[in-house]
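Note that the structure is predicted; figures quoted are calculated from it, not measured. The basis for the numbers below is simple: all heavy atoms, side chains too, and nothing from hydrogens, waters or symmetry mates.
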Amino acid sequence: MIIIAWNGSGKLSSVFEGDVFMRVLSIFITAAVLKLAQAVLDIILSWKARKSMSLYVKLRYILKALSAATWVIVLPVTYAYSLKNPSAFAQTIKNWFGNGSSSPSVFIVAVFIYLSPNMLSALLFLFPFIRRRLESSDYKIMMLMMWWSQPRLYVGRGMHESWISLFKYTTFWVLLIVSKLACSYFIEIRPLVAPTKAIMPVRISTFQWHEFFPQAKNNIGVVIALWSPIILVYFMDTQIWYAIFSTIFGGIYGAFRRLGEIRTLGMLRSRFQSLPDAFNACLVPVGKNETAKKKGLRATFSQKVPSNMENEEPKFAQMWNKIISSFREEDLIDDREMNLLLVPYWVDPDVKLIQWPPFLLASKIPIALDMAKDSNGKDRELKKRLNTDNYMHCAVQEGYASFKSIIEYLVLGDLEKKVIDDIFSKVEEHIDADNLITELNLSALPNLYEQVVKLIEYLLENKKEDKGQVVIVLLNMLEIVTRDIMEDDGPSMLESSHGASYGNNEGMTPLDKKYQIFGSLNFPVTPKSEEAWKEKIGRLHLLLTVKESAMDVPSNLEARRRISFFSNSLFMDMPPAPKVRNMLSFSVLTPYYSEDVLFSKDALEKPNEDGVSILFYLQKIYPDEWTNFLQRVKCNSQEDITGTDIEESRQTQLIEELRLWASYRGQTLTRTVRGMMYYRKALELQAFLDMANDKELRKGYKAAEQNREEQSKSETSLLTQCQAVADMKFTYVVSCQQYGIHKRSGDPRAKDILKLMITYPSLRVSYIDEVEETSKDESKKTVQKVYYSALVKATAPTKSMDSSEPVQTLDQVIYRIKLPGPAILGEGKPENQNHAIIFTRGEGLQTIDMNQDNYMEEAFKMRNLLQEFLEKHGGVRYPTILGLREHIFTGSVSSLAWFMSNQETSFVTIGQRLLAHPLKVRFHYGHPDVFDRLFHLTRGGVSKASKVINLSEDIFAGFNSTLREGNVTHHEYIQVGKGRDVGLNQISLFEAKIANGNGEQTLSRDVYRLGHRFDFFRMLSCYFTTVGFYFSTLLTVLTVYVFLYGRLYLVLSGLEEGLKNQPAIRDNKALQAALYSQSFVQIGFLMALPMMMEIGLESGFRKALSDFILMQLQLAPVFFTFSLGTKTHYYGRTLLHGGAEYRGTGRGFVVFHAKFADNYRLYSRSHFVKGLELMILLLVYQILSNAYNGVVAYILITVSIWIMVGTWLFAPFLFNPSGFEWQKIIDDWTDWNKWISNRGGIGVPPEKSWESWWEKEQEHLRYSGKRGIIVEIILALRFFIYQYGLVYHLTLTKNTQSFLVYGVSWLVIIFILLVMKAISVGRRRFSANYQLLFRLIKGLIFLSFVTIFITMIALPHMTFKDIVLCVLAFMPTGWGLLLIAQASKPLIQHAGIWGSVRTLACGYEIVMGLILFTPVAFLAWFPFVSEFQTRMLFNQAFSRGLQISRILGGGQKKDKSSKIKE
């Protein structure tokens, strides 16, 4: 592109001009040189493995290098002979080989021969099935043909996808590359060509420093300074284009997958009528005599009532109610909302209607009554409403049918039955004739309604003493109906009610023997099924009495999200559900180390330094769930749970419930186990629905559960069979690595794990048992450690002989397998999984992290998901990993948690959706995915565990699967919950771990093999979605450095002054465009685009826009800019030196204040040092530059860099809870001074001493290779440019450019260092015995410095600017010397000056600490800053609660202090 822009008119059409075309053909020479570089690099990187290589592999490497070297010679020679007017270099080549005549055809032929292998590859690329067959073939002739293109390895063969997949991802990348190249050419490259041409002939003779190459032609230094940022952005901005295209394509694919069709309660209501049919179509297996159920909207709307509704409606009711009950158990809804959401458990034969949940029918009957009352015999409005509002129609019909059924059941007398039957028959005649409103007087309906409600309330209480009141209510109802409503038939009905007709002529019967109307009632009610009767009465009561609209049911946002997602997923494409006994069996495996199992009461109530306890925090974050919990346990407040006036057994039970409630809202093992055990509950219910006959189905699963104890004794009972089938199909193993150690030490976590096993009897726990055994060798009676992999379960409760002792439950070993040695050799988590995987069973294996959750409604879809293993999904192979989407449940904790939640959600939805289809490069990124267990067990397992290199063990499982001809898919109709880090320090540690892992991936052979074996476009997909993302991030920051150091070179050398009138210096549009591209990446543009698209798809684009604006107000760009620094630092350090390590983030609630010293330790090297370096660069440029007239123009060109500087220096304090409270600032300063002054040594942790921390910070250099050390030293040399340039800009030296000036500046530095060394030595040797003399010497040194300083101001007229420039010149030089000394530590220690280096480093740390601490302390003076920070960090409820708690805390402190005084 530079060739086209440089030559001719600059238009793209100029490529067809003769000279331009020939110059463009030189790209093949560049390609040959790059090919040679690749061949040489392959040899260098494989050099250490040469001894294990076969002869054929060595020969292949050598021949490839020789072939590449040959083409590097042939192509330039033939090109030189093809030019009519060769350049000087081309003429030289011609002279070497004989100055013959020009012949362009020779070069064309050479290029054709050079490209012939690529042409063959392109042909095979178009026919992937041929390439796949060739690569997988074991015929020797085929192996010989493929020997040149691929090494003979088992892995990496036959990975090519189908032609359709190939077409899709090729189209994606062709469109992206065309867009990227066009943008780069017209915006970045072409605009810079003309200014560059204008600069090159300008002659600069006056420099402002000592120029080593004053005769350099074409201002080559200026050209490099201008073009370097552009070139870096050229390689980086593909990632921006990928973000744009992934947003567009991911959104389109998401829309076609029907995401977000039901995203609000209003949408759920409008689609609820089609929900049972969709529910049964997806989740109910097809019977033998049934055809497969159609899915989708058309099928749903075209089928009003299914033919087999009698069987399908109860199945829907059982599963729907199980979901709603789980909501109540999780305290997402209260009792009222649960009753409004439930459908009847028991099928009522008297109500032959679809009984919708009451929340759809709420207020419908009261509204219909009001309309009927005001109709005045005109039924037009009411009919219109009933026809349009189907739910009102259903409510009226069900209310009438239920009321009729209740009256008929309640009344026993024959006379009354005849009267009532006559009334109902007349009403139904009017209904059939469609003249009910016109023929009857409905204005009296409100009176009847009141009596019916009274009757229902009496029936709910069901007390014997209320029988008289029930009779009165029935008489009132009869009188209202006969006298007021049925006006025409009034007299006869009234007469009949007193016994004067229907054959009862009593004459002068005594009063006590007269017939008692409603004297014979079935009251109190004693039905066959009391639960069914209560449910029926309660439902009718809700329909009649709920007058307000239930539009906000459920009110909890999480409940709404889950119910909407579940309902939406039923309309998405998923395989039909098999019967439980026919489904694929599966296991779930969770690795656990030593995290929280269950919060203790003390941990919940213990306040932090702000007086905020975890329980208080949770009550404010989840206020509605706390209220629902209190209602569930029948308490009014926390005091009712923890108070002293409660019965001991009751209080123990309440405290246990409180611990569980809190633990279910944290990232605890208890939450994970509860979620995963939903699978078993779901399978048990689904097995019941599969196996139950019609009678059992109508009784319902709830009836079977109520008789669980009786049924469990019988092996032939249905419930026992269901449990057995569920146990056959599902296994859950928690790999608690330290469980044995915790048991022996009496750790509470062991007791909590045992409690989990008791609660969930089918739960299995595996652990590594360390046992000391005596050696079996009789000659050596030594004690040695033996390791076992054990699997345990909870035993049945046992009671000792002494009945006073409590019941004991212990664990029982099921399997115990002896290991050859310690199991944890590599990374902890994958090794923990590897030792336990032998205890899993089935075809599928779901790996679940300890910070994940599951939901009952999602567990119902698991058997559908497992069927995906049996489909090829339009590809050429069956899936080996089924990818699942995640919901991040920690988003409500704080603003940072919300940012992290949105970022993670966009990756696990729109990001992975695109990776799986169409790009075909989805791997394994976390732990909700389901593995083909047998496939992976026979191919190395699901976790690579080699130390350091497999730090990100999950993605290596995906690499491993793909390289071995696996197939990874992604499915969005099912989701799993996941917790994420919620505080800045936690998030930074997590991102550091991921960046370290990506650095190791970049160096791994897995990525090398994928890059070599994928075709070009799939390789691009793989690169830009794995290590390429982090490399582009590194380039983003590198662009800033290159731009600023280029500008520093121009301003220090005086080139900018000489060229300040050139447009390339004053108004460089191309450079500004490049910096804008960098800014997009910096502020999180790559994250924001997919994030907004996904929120728009699933929640609406108005919500997406409002969320985006709110994120900006809560300083999301600051967070993303800070995150950029974390990724860049740790990724770059890993590339240079290796040494990736696991960083435990902790999964607690961040409601505590991180001390200044903690923040300094964590961010000093990754952010603070780099931020100060950029700030010095910007300050120097601002002081010396004349290119931009005024501060505003300068700020505009560097605004994003200033934002980066401010963010990297102060974001940790901005996002630190209570970071601007004055008392905290004072405490932090004290702690910082204590830390910085403490001496290190053996056993002193980095948290206690700066010296220990400083030594630990350099550990990566100890294990780095020579290349890493050399690069580190070269990078440190950049700090010397400040001194070299700035000493020539002082007032004293501005008229001379002699190199001696620079030499004198080094003498000054050496003098200062010697004085510091002398003071240090003097302190050690003289401060004790000659204290007065030592103080006198220090005073003389101070006076000497003051004298020199005053003299410099007085004689050479040194200005304040000179002082600033001296500081900016010498401080970076000292830091550069420190970096070189650290990289050369063995030499420095040998020279005996390591202590001086440490002292100098300590001085720099103190200065950096002061620079950072001063602005924070200044802002802490203003109280509003702290309040603003709290509101920005936390949600509104917690902010208010925190302020109140502080006030109360202050009051309590005052009370305590006054008591102490008394």
Side-chain angles (χ1 to χ4, degrees), residues 1160-1161 1164-1165 1168-1169 1172-1173 1232-1242 1244 1246 1248-1262 1264 1269-1270 1272-1280 1282-1284 1302-1331 1333-1342 1344-1345 1348 1366-1411:
Y1160 189 86
R1161 283 192 293 271
S1164 172
R1165 298 300 180 262
F1168 297 158
V1169 169
L1172 288 170
E1173 181 185 354
W1232 157 262
N1233 282 322
K1234 183 180 176 182
W1235 176 72
I1236 206 82
S1237 58
N1238 277 355
R1239 292 184 62 84
I1242 298 172
V1244 180
K1248 299 294 183 183
S1249 164
W1250 168 85
E1251 199 172 300
S1252 298
W1253 169 80
W1254 186 70
E1255 293 284 354
K1256 187 176 183 295
E1257 270 299 305
Q1258 302 162 43
E1259 274 191 356
H1260 64 281
L1261 295 170
R1262 287 174 57 194
S1264 181
I1269 296 295
I1270 292 168
E1272 188 77 20
I1273 291 172
I1274 291 171
L1275 289 174
L1277 295 177
R1278 72 185 186 271
F1279 291 103
F1280 298 146
Y1282 299 90
Q1283 180 189 344
Y1284 180 73
Y1302 184 58
V1304 170
S1305 69
W1306 272 104
L1307 290 176
V1308 173
I1309 288 178
I1310 293 169
F1311 174 71
I1312 293 171
L1313 292 176
L1314 287 174
V1315 169
M1316 291 175 63
K1317 178 67 175 175
I1319 293 173
S1320 177
V1321 172
R1323 181 180 289 111
R1324 287 201 306 271
R1325 296 192 177 183
F1326 303 120
S1327 60
N1329 299 326
Y1330 305 99
Q1331 189 178 11
L1333 177 62
F1334 180 64
R1335 287 188 175 185
L1336 185 62
I1337 292 170
K1338 285 201 298 184
L1340 288 173
I1341 292 171
F1342 175 72
S1344 302
F1345 270 105
I1348 293 169
C1366 284
V1367 173
L1368 296 177
F1370 294 134
M1371 290 296 285
T1373 302
W1375 186 254
L1377 290 171
L1378 269 176
L1379 293 180
I1380 293 171
Q1382 290 171 13
S1384 314
K1385 184 177 179 180
L1387 296 174
I1388 301 297
Q1389 283 180 322
H1390 185 70
I1393 56 173
W1394 183 247
S1396 302
V1397 172
R1398 188 191 300 121
T1399 304
L1400 180 63
C1402 186
Y1404 269 92
E1405 305 286 1
I1406 292 170
V1407 171
M1408 282 196 292
L1410 284 170
I1411 291 171

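Electrostatic pairing of Arg1165 and Glu1405 counts as a salt bridge here, judged by a charged N lying under 4.0 Å from a carboxylate O.
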* Asked: Taking it one step at a time, do Leu1377 and Val1397 satisfy side chain to side chain contact (heavy atoms under 4.5 Å, CB included)?
  -> CA-CA 9 Å; Leu1377 290 171; Val1397 172; over 6 Å; no
* Asked: Are Glu1251 and Val1244 close enough, and set up right, to give a side chain to side chain contact (heavy atoms under 4.5 Å, CB included), and what steps lead you there?
  -> CA-CA 9 Å; Glu1251 199 172 300; Val1244 180; over 6 Å; no
* Asked: Can you check side chain to side chain contact (heavy atoms under 4.5 Å, CB included) on Ile1309 and Phe1370, steps first, answer last?
  -> CA-CA 7 Å; Ile1309 288 178; Phe1370 294 134; 3.6 Å; yes
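Residues Ser1384 and Ile1273 share a closest heavy-atom pair of OG-CD1, 3.9 Å. Listed here is the closest heavy atom pair of Gln1283 and Ala1369: CB-O, 3.6 Å. Nearest heavy-atom pair across Asn1233 and Ser1237 is O-OG, 2.8 Å. The minimum heavy-atom distance linking Phe1279 with Leu1379 is given by the pair CE1-CD1, 3.5 Å. The minimum heavy-atom distance linking Leu1172 with Met1408 is given by the pair CD1-CG, 3.4 Å. Closest approach of Gly1374 to Leu1400, counting heavy atoms only: O-CD2, 4.3 Å.
Surrounding NZ of Lys1385 are more than 12 heavy atoms belonging to other residues, nucleotides or ligands, all under 6.0 Å away.
To the nearest 0.5 angstrom, Leu1387 atom CG is 8.5 Å from His1390 atom NE2. The CZ atom of Arg1161 sits 10.5 Å away from atom CD of Glu1257, with the distance rounded to the nearest 0.5 Å. Considering CG of Leu1378 and OG1 of Thr1373, their distance stands at 11.5 Å, rounded to 0.5 Å. A distance of 12.0 Å separates CD1 in Ile1411 from CZ in Phe1168, rounded to the nearest 0.5 Å. Between atom OG1 of residue Thr1399 and atom CG of residue Leu1313 there is a gap of 11.5 Å, rounded to the nearest 0.5 Å. Put simply, CD on Glu1255 and CD on Gln1382 are 9.0 Å apart, with the number rounded to the nearest 0.5 Å.
Not a single donor-acceptor pair under 3.5 Å links the side chain of Ser1264 to the backbone N or O of Leu1261. Listed for the Arg1262 side chain is no donor-acceptor partner under 3.5 Å among the backbone atoms of Glu1259. At distances below 3.5 Å, not a single donor-acceptor pair connects side-chain atoms of Trp1375 with backbone N or O atoms of Ala1276.
Ring centroids of Trp1250 and Tyr1160 are separated by 6.0 Å or more, keeping the two rings apart.
For the ring-ring contact (aromatic ring centres under 6.0 Å, His included) criterion with Trp1254, the lone passing option out of Trp1394, Tyr1404, Trp1235 is Trp1394.
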